[in-house]
Amino acid sequence: MTGMPSGPCYTVLGTVEVLRGEDPLPVGPPQQRALLAMLLLRRNTTVGLDELIDGLWGEEPPRAAAGTVRLYVHRLRHALGPVIATHGKSYALRVAPGALDLDAFEEQVARARARLTTDGPGAAAELLARALTWWRGVPLAGLPGPHARIHRERLSELRLAVLLERIELDLQLGHHARLIPELTALCEEHPGDGRLDLLLNTARAHSGRNGTVRTAADSPPSRRAPEKADALAAALPPPAQLPYVPGDFTGRDEEMRTLVEALTPTSAEGLMIAAVSGMGGVGKTTLAVHAAQRLRGHFPDGQLYANLRGMREDPADPAVVLAGFLRALGVADSAIPDDQEGRAALYRTRLAGRRILLVLDDARNYLQIEALLPGSPDCAVLVTSRTTIPELPAAPQLRLDVLPTNKALALFRRIAGLERVAAEPEAAAALATRCGGLPLALRLAGSRLVARPAWSLSDMVRLLDGSRWAMDAPAGGADGLATCFRHSYDLLGDEEARLFRLMAIPRQPTTDTEGAAALAGLPPAETGRCLERLADLGLLETPVPDTYRFHDLLREFAAARSEEQDRPEERAAALTRLLDHFLTLACAAYARHRPGHPLAGLLLPAAPPGPSHTAPDDGPPRGLPEPSTLLAVAEQVLEAAPAAIGPVANLVLALEPLLDRSFRWDCLVSPARRILDVAEEQGHLRAAGRIGHALGSALTMVGRFDEAEKTLHQAEQAMLMVGDEAVRTEALTRQALVWQCRGDWERAEAGFRRAIAVGEDCGNTWGVGNSMLNSVSSLLRLGRLDDAATTCRAALESVRASKDHFGHAHALYQLGVVTRHLGEFEEAVARHRQSAELGARNGYPAFEVLNGVSETAALLAANRASDAAECGERAVAAARRLGWRAAEARALRLVGTAFEAAGERDLARQRLMEAVELLTSIGLPESAQAKEILAGL
C-alpha cells in the first residue's frame, strides 16, 4: 500500500493484513485476524466486548470467550504498537486517514462520482477503474465467524455495485464490444443477476452481436410495450424525472441493498412497492433517489418522480400530479381528462405493459398516493413519507434512523473534505455528535464550512454550541433544520403541539405515557393518542412500546417552541406535576424494598399508587427513570418553582433503596449539595434534614468520611428540631457506620444503640433491624461475640418470612462475619455465598462486594490462601465495577495478604502497594496493617 501514512496500513479487501512500509506485521491466526477485522471495520470507534464475542462465535461462545478476546487484543497491541485503546469493556483501533484500503477505495469512488458531473463519464469511469484495483480477491478472505461472513457478503456486493457503475459508464462511452467478455464472465460468476443480464444484452445489441440472454423482445406479449403509441409518445424519449442528489451519499448500504432487491423485477406477479419513512432530515429522499438511480437499468421505459409535499400546508393534489405524469408519458394537454378518476384511468392505461419506476416522495397518507399507483405488474413504486403508511402494501417498509457516529463522520468527511476533517479529528467527532447523526444537519454544517474555507472545524463547534439553529439562516435557507421540522409541527392539533413542547422541558432522555400525561395534565388515553401521532409524524422516536424520546435536534426545536409559546408558570406547573408523578413511583419502590418502613407513607401522605405503577419485586416501578435523571428533574423543578423544596427533598430521600440497588451514590453528591443549599436558604428544616441525610449517606458510601460526619450531624440536628424521627433513625445509623468504618468501635456501637432507641420510640421497625445488623461488626471488635451472634440469628429469623430481600441478604452476610470470628470458616463461606446469591438475584450488587471481601477473609483464616486470592480478586473487580473505593481497598489488602501466604511475593507486593495507597487516601485504619505486611516483603 504505497503512498499510505508512515504508521501501520491495513487491508480488508482481500486477505486481512497489516503493513509497516513494505513489510507485513504478524497478526496471528485466523480468529485473531477476524477480531482485527472487526476493529478495522469499526475503525476509530469503540466496539464492545460482547459485540466482539458475538462476531467471533455467534450464539454459542466458549466459556473462556472474554479471556480469549483480551488475549487477542494483547497480542495485537504487541504486534501493532499502541493503536488499540481500551474504554471500559470496549476497544477502539485508531486508524489514520488513508491507512485502510477500504477507505482509499471509498474515497476514490466518491471522487469519481463528483467528477461525473464536472468532467463527464470518461473521467469518472477511469477513477472507478482505479478504485477497483484496491480489491485483491475475496474480502476478509479465510476469516471465521458470523461477523466476517456477513461483512464478506456486504463488501462483495459493494464491489459489484461499483463495478456495475463503471460498466454503465463504459457503455455510455460506446465501449460495447470491449465489455462483452467481461460481462459474460460476470454473468457466469453471478447467475440470475438481472442487472448483469441487462447490461450484457445492451452491450451485445450495440456491438452487433447476437444475444444469448433473453431480451425484451423475447418476453411474453403481456410484458411488451404497446405496439401502437400515438405520434407524440413515439417522438418523446422515455421519462427520466429522477432529481439530482449529492454524490457524497454514504452510510446506507444495507438499506440500499434492501430496496434494490425488493424492486428488482422478478418472475413474480404483482406490483412491486417499497416504502421509506423517518423523521425530517434523515435522508429518505436521498436514499430513495439513489436506489432509483441504481434500478433505472431494470426500467427502460422510464422513471417518474413527484414531490408530494405531504408535510407542507399545500400538499400536492393527486389530480395535478397525474396530469404531469400523463404529459411525461406523451399525452397532449387536450387529451388529459378534467377529473381525477379519468386521469387515473388513462394513466394506468399508458403504463400497461411498460417497465416504469415511480418515486413518490414525501407522501402525507395513502389517500394522496392511491390514485398514483400503477395497475401494471411490470412497474415498481418507491414511496417516502415521514409517517408509516399502514394501508400501503409495501414490502419492505423501512424506517430510516439517524446515522451512527462512524457513518456520520464518513458523510461529514465527504462533504467538508477529507484533509480538513483529518486535521481536526476531535472537532469533527464533536460536530457529528452535535448534529446527532442527522444527515440534513451534517450536510448543512459541512456546506457552511465549505463556503467558509477560513473557518476551522472548532469554530463551527463553537457556533453550534451557541445555537444549532444558526444553520437555518442564512446557510440553511428554506431547507434549514427548523424549517424542515416545522413542516411536521404545523400539522399538529393544539393538544398534540402542547404535549410536544412540554415534553422537551424536563432533562430526561425518555418518557412513557403516564409520565407524559402527568407533564401535560391530560388523561393517559388522550396522551397515548397524541404520543402516537407525534411518533407517526417523526417528531418522536419510540424504540420500544410505551417509551418515547426526542432526537437531540428535535428536542431543541421543541424547547424553542415552548419558550416562544408557553408561559413560565405553565412550564413550572408541568414540571411540578411530573415531580409528583415521580414521587408517587419512588414511594412505591421505597415501600417494596423497605417493607414496614413508616417513611413511605410520610413521604407521600396519599392513596397508594394504582396497578399501573406496579412492577416485579426485583425492579423499580415501570416509568421510574434512573436516579441521575430524577435528580436532574428535581433540580430543574427548583429552578422553576423554589417553593417545591419539600416534595423535592422527599423524592431525593425516596431514592435511597434504588441507590442501594444500583450503587450509583456518586451521582447524588453534587445535586444533593445544590438542593440542600436551596433548603437552607429557605429555612426549610425538614427538607434540609432529609436532603442532608441523603447527602451524608452518599458521602459515606463513596468514602468521604469527614464530610459525611459533618453533614450527617447537621442533618440529625435539623430532624431533631422538627421531630422527623423516622428519618432521624436512619441518619443516626449512618453516623455510626462512619465511625465504624474508621475503626472507632465503641463510639459506633453507642451510635447504633442510640439509633435503635429512636427507631423503637417512633415505630421504625425496619430502621431498628437495619441498625442492629450494622452494629454486628462493632460488637465483634469489642469482643461481644455472643451478642453479635444473637443479633444475627434473630434478624435472620425475622426477615425470612418477609419480602425484605435486602434485610435477608444483610442478615446472612453478618452471620457469615460472625461465624468466621467463631472459627466456623466453612459455615462462614456458605453464608457469604448464600447472601451474595440472594443479593444478586434481587438486584443488590453491593452484597457481591461485601460477601466477596468477607469470604476472602474466611478462606484466609482457614489457610486456603490460593482460594482466598482468587475470591479476593473477584471482590476487587466487583468493587471497581461499583466504584466502591473503601471495599476495593480492603479487598486489595486481603488479596495481598493471601498472595503473601501462598508465596507469591511479587503479586503480594503489587496488591499491597495498591491497597496502602487507596487505604491511606480514604483514611481507613487497615492501612497500617497493610504497610506492616508490605514491609515484611
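Basis for what follows: all heavy atoms, side chains included, without hydrogens, waters or symmetry-related copies.
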**Q** Between Glu626 and Arg664, is the closest basic N to carboxylate O distance under 4.0 Å?
**A**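 No salt bridge links Arg664 with Glu626.
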
**Q** Between Arg820 and Val817, is the side-chain contact (heavy atoms from CB on, under 4.5 Å) condition met? List the steps.
**A** CA-CA 5 Å; Arg820 169 165 57 87; Val817 175; 4.0 Å; yes

**Q** Can a donor-acceptor pair be found, under 3.5 Å and without considering hydrogens, that links the side chain of Ser835 to the backbone of Arg831?
**A**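 Judged by distance alone, no pair lies under 3.5 Å.
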
**Q** What distance do Ile675 atom CD1 and Leu695 atom CG have between them, rounded to the nearest 0.5 Å?
**A**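 Rounded to the nearest 0.5 Å, the CD1-CG separation comes to 10.0 Å.
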
**Q** Determine the interplanar angle of the Tyr844 and His593 rings, folded into 0 to 90°, and report it as parallel if under 30°, tilted if 30 to 60°, perpendicular if over 60°.
**A**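 Tyr844 vs His593 ring planes: perpendicular.
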
**Q** Starting from the C-alpha separation in whole Å, work towards a yes-or-no answer on side chain to side chain donor-acceptor pair (under 3.5 Å) for Trp739 and Glu709.
**A** CA-CA 8 Å; Trp739 298 325; Glu709 182 177 8; 3.1 Å; yes

**Q** If I take atom CZ from residue Phe752 and atom OG from residue Ser778, how far apart are they, to the nearest 0.5 angstrom?
**A**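 It is 5.0 Å, given to the nearest 0.5 Å.
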
**Q** Does Gly816 offer a backbone N or O that forms a donor-acceptor pair with the side chain of Thr819 under 3.5 Å?
**A**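 Confirmed, Thr819 side chain pairs with Gly816 backbone.
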
**Q** Under 3.5 Å, which donor-acceptor pairs link side chains of residues 718-727 to any protein atom two or more places apart or in another chain?
**A**
from, atom 1, to, atom 2, distance (Å)
Asp724, OD1, Arg690, NH2, 3.1
Asp724, OD2, Arg690, NE, 2.7
Asp724, OD2, Arg690, NH2, 3.3
Glu725, OE1, Arg728, NH1, 3.0
Glu725, OE2, Arg728, NH1, 3.4

**Q** Please determine whether a side-chain nitrogen of the Lys or Arg among Glu873 and Arg911 lies less than 4.0 Å from a carboxylate oxygen of the Asp or Glu.
**A**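 Judged by the 4.0 Å cut-off on N to carboxylate O distance, Glu873 and Arg911 do form a salt bridge.
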
**Q** If you apply the rule salt bridge (charged side-chain N to carboxylate O under 4.0 Å, His left out), what do you find for Glu797 with Arg793, and how did you get there?
**A** CA-CA 6 Å; Glu797 190 66 30; Arg793 297 187 192 283; over 6 Å; no

**Q** List the steps, then state whether side-chain contact (heavy atoms from CB on, under 4.5 Å) holds for Thr700 with Leu712.
**A** CA-CA 10 Å; Thr700 302; Leu712 288 166; 4.0 Å; yes

**Q** Using a 3.5 Å distance criterion without hydrogens, assess whether the side chain of Thr733 forms a donor-acceptor pair with backbone atoms of Ser771.
**A**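 A pair under 3.5 Å: no.
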
**Q** Just verifying a value: how many Å separate Ile505 CD1 and Leu578 CG, rounded to the nearest 0.5 Å?
**A**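 So the gap between those two atoms works out to 10.0 Å.
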
**Q** Is a side-chain donor or acceptor of Thr856 paired with a backbone partner of Gly872 at a separation under 3.5 angstrom?
**A**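 Looks like yes, one N/O pair under 3.5 Å.
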
**Q** Given salt bridge (charged side-chain N to carboxylate O under 4.0 Å, His left out), test Glu848 with Arg874 step by step and report yes or no.
**A** CA-CA 9 Å; Glu848 178 187 0; Arg874 290 197 301 270; over 6 Å; no

**Q** Considering only heavy atoms from C-beta outward, does the side chain of Leu575 approach that of Leu579 to under 4.5 Å?
**A**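 Answer no - side chains too far apart.
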
**Q** Under a 4.0 Å threshold between the charged nitrogen and the carboxylate oxygen, would Arg674 count as salt-bridged to Glu680?
**A**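 Salt bridge: no.
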
**Q** Return the orientation label for the His597 and Trp766 ring planes: parallel under 30°, perpendicular over 60°, tilted otherwise.
**A**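 If you compare the ring of His597 with that of Trp766, the planes turn out tilted.
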
**Q** Output the distance between atom CG (Asn774) and atom CD (Gln740), rounded to the nearest 0.5 Å.
**A**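 Answer rounded to 0.5 Å: 6.5 Å.
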
**Q** Tell me whether Glu914 is salt-bridged to Arg880, with the criterion being a basic N under 4.0 Å from an acidic carboxylate O.
**A**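 Salt bridge present between Glu914 and Arg880.
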
**Q** Do side-chain atoms of Thr629 reach the backbone of Pro625 as a donor and acceptor pair under 3.5 angstrom?
**A**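 No; zero donor-acceptor contacts below 3.5 Å.
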
**Q** Nearest heavy-atom pair of Glu855 and Cys871: which atoms, and what distance?
**A**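 The answer is CD-SG, 3.7 Å.
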
**Q** What distance do Leu659 atom CG and Ser697 atom OG have between them, rounded to the nearest 0.5 Å?
**A**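 Separation between the atoms: 9.0 Å.
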
**Q** Ala836 and Asn851: which non-hydrogen atoms are nearest, and at how many Å?
**A**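 Scanning both residues completely, I find the closest heavy atoms to be N-ND2, 3.5 Å.
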
**Q** Please list, chain by chain and in numerical order, all residues satisfying salt bridge (charged side-chain N to carboxylate O under 4.0 Å, His left out) with Asp677, sequence neighbours excluded.
**A**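 Not a single residue meets the salt bridge (charged side-chain N to carboxylate O under 4.0 Å, His left out) criterion with Asp677.
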
**Q** Set out, in order, the CA-CA distance, both residues' side-chain angles and the distance that settles side-chain contact (heavy atoms from CB on, under 4.5 Å) for Phe663 and Arg881, then state yes or no.
**A** CA-CA 10 Å; Phe663 214 83; Arg881 283 197 300 272; over 6 Å; no

**Q** Given 3.5 Å as the limit, does a donor-acceptor pair link the side chain of Thr527 with the main chain of Pro523, or not?
**A**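 Side chain of Thr527 to backbone of Pro523: a pair is present.
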
**Q** Does the distance from a Lys or Arg side-chain N to an Asp or Glu carboxylate O, for Glu639 and Arg507, drop under 4.0 Å?
**A**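 Between Arg507 and Glu639 there is a salt bridge, with a charged N closer than 4.0 Å to a carboxylate O.
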
**Q** Of the non-hydrogen atoms in Val799 and Ala811, which two are nearest, and what is the gap between them?
**A**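 Looking at all heavy atoms of both residues, the closest pair is CG2-CB, 4.4 Å.
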
**Q** Suppose we screen for salt bridge (charged side-chain N to carboxylate O under 4.0 Å, His left out). Which residues come up paired with Glu707, at least two apart in sequence or across chains?
**A**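 Glu707: salt bridge (charged side-chain N to carboxylate O under 4.0 Å, His left out) contacts with Arg673, Arg704.
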
**Q** Consider side-chain contact (heavy atoms from CB on, under 4.5 Å). Of Arg577, His581, Glu514, Met503, which one does Leu519 pass it with?
**A**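 Of the listed options, the one satisfying the test is Met503.
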
**Q** Answer yes when Glu837 and Arg833 have at least one side-chain N-carboxylate O distance shorter than 4.0 Å, and no when they do not.
**A**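 Arg833 and Glu837: not salt-bridged.
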
**Q** Could you go through Asp660 and Phe806, starting from their C-alpha distance and side-chain angles, then the distance that decides it, and tell me whether this counts as side-chain contact (heavy atoms from CB on, under 4.5 Å)?
**A** CA-CA 9 Å; Asp660 275 336; Phe806 180 91; 4.0 Å; yes

**Q** Please report the shortest heavy-atom distance between Cys792 and Val776, naming the atom on each side.
**A**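 Minimum heavy-atom contact is SG-CG2, 3.6 Å.
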
**Q** Just by distance, do the side chain of Glu900 and the backbone of Leu912 share a donor-acceptor pair under 3.5 Å?
**A**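 Not confirmed, Glu900 side chain does not pair with Leu912 backbone.
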
**Q** One pair to check against salt bridge (charged side-chain N to carboxylate O under 4.0 Å, His left out): Glu826 and Arg864. What are the steps and the verdict?
**A** CA-CA 11 Å; Glu826 293 305 319; Arg864 294 166 58 183; 3.0 Å; yes

**Q** Is there any ring pair (Phe, Tyr, Trp, His ring centres under 6.0 Å) pair reaching into residues 820-843, and which pairs are they, with sequence neighbours excluded?
**A**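 Sorted result for residues 820-843: Tyr813-His832.
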
**Q** Considering residues at least two apart in sequence or located in another chain, which fulfil the salt bridge (charged side-chain N to carboxylate O under 4.0 Å, His left out) criterion with Asp706?
**A**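 Per chain and number, Asp706 pairs via salt bridge (charged side-chain N to carboxylate O under 4.0 Å, His left out) with Arg742.
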
**Q** Check this for me: does any side-chain nitrogen of one of Arg734 and Glu730 sit under 4.0 Å from a carboxylate oxygen of the other?
**A**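 Salt bridge: no.
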
**Q** How about CZ on Arg747, more than 12 heavy atoms from neighbouring residues, nucleotides or ligands closer than 6.0 Å, or not?
**A**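 Enclosed: over 12 neighbouring heavy atoms sit under 6.0 Å from CZ of Arg747.
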
**Q** Show me the donor-acceptor pairs, under 3.5 Å and distance only, between side chains in residues 917-925 and residues at least two apart or in other chains.
**A**
from, atom 1, to, atom 2, distance (Å)
Thr920, OG1, Val916, O, 2.7
Ser921, OG, Arg885, NH2, 3.2
Ser921, OG, Glu917, O, 3.4
Ser921, OG, Leu918, O, 2.8

**Q** Looking only at atom types and distance, does a side-chain atom of Ser662 sit under 3.5 Å from a main-chain N or O of Leu658, one as donor and one as acceptor?
**A**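 Checked: pair present.
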
**Q** Is Glu656 paired with Arg594 through a side-chain N to carboxylate O contact shorter than 4.0 Å?
**A**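 Result for this pair is yes, salt bridge flagged.
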
**Q** Rounded at 0.5 Å granularity, tell me how far OG1 in Thr547 sits from CG in Leu531.
**A**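 Spacing of OG1 (Thr547) from CG (Leu531) equals 10.5 Å.
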
**Q** Looking only at heavy atoms, what is the nearest atom pair of Val853 and Ala875, with distance?
**A**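 Reported closest heavy-atom pair: N-CB, 3.9 Å.
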
**Q** Tell me if a side-chain donor or acceptor on Trp745 pairs with a main-chain N or O of Gly743 at a distance below 3.5 Å.
**A**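 Judged by distance alone, yes, a pair lies under 3.5 Å.
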
**Q** How close do Cys667 and Pro627 get, counting heavy atoms only, and between which atoms?
**A**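 Scanning both residues, the minimum pair turns out to be SG-CB, 4.2 Å.
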
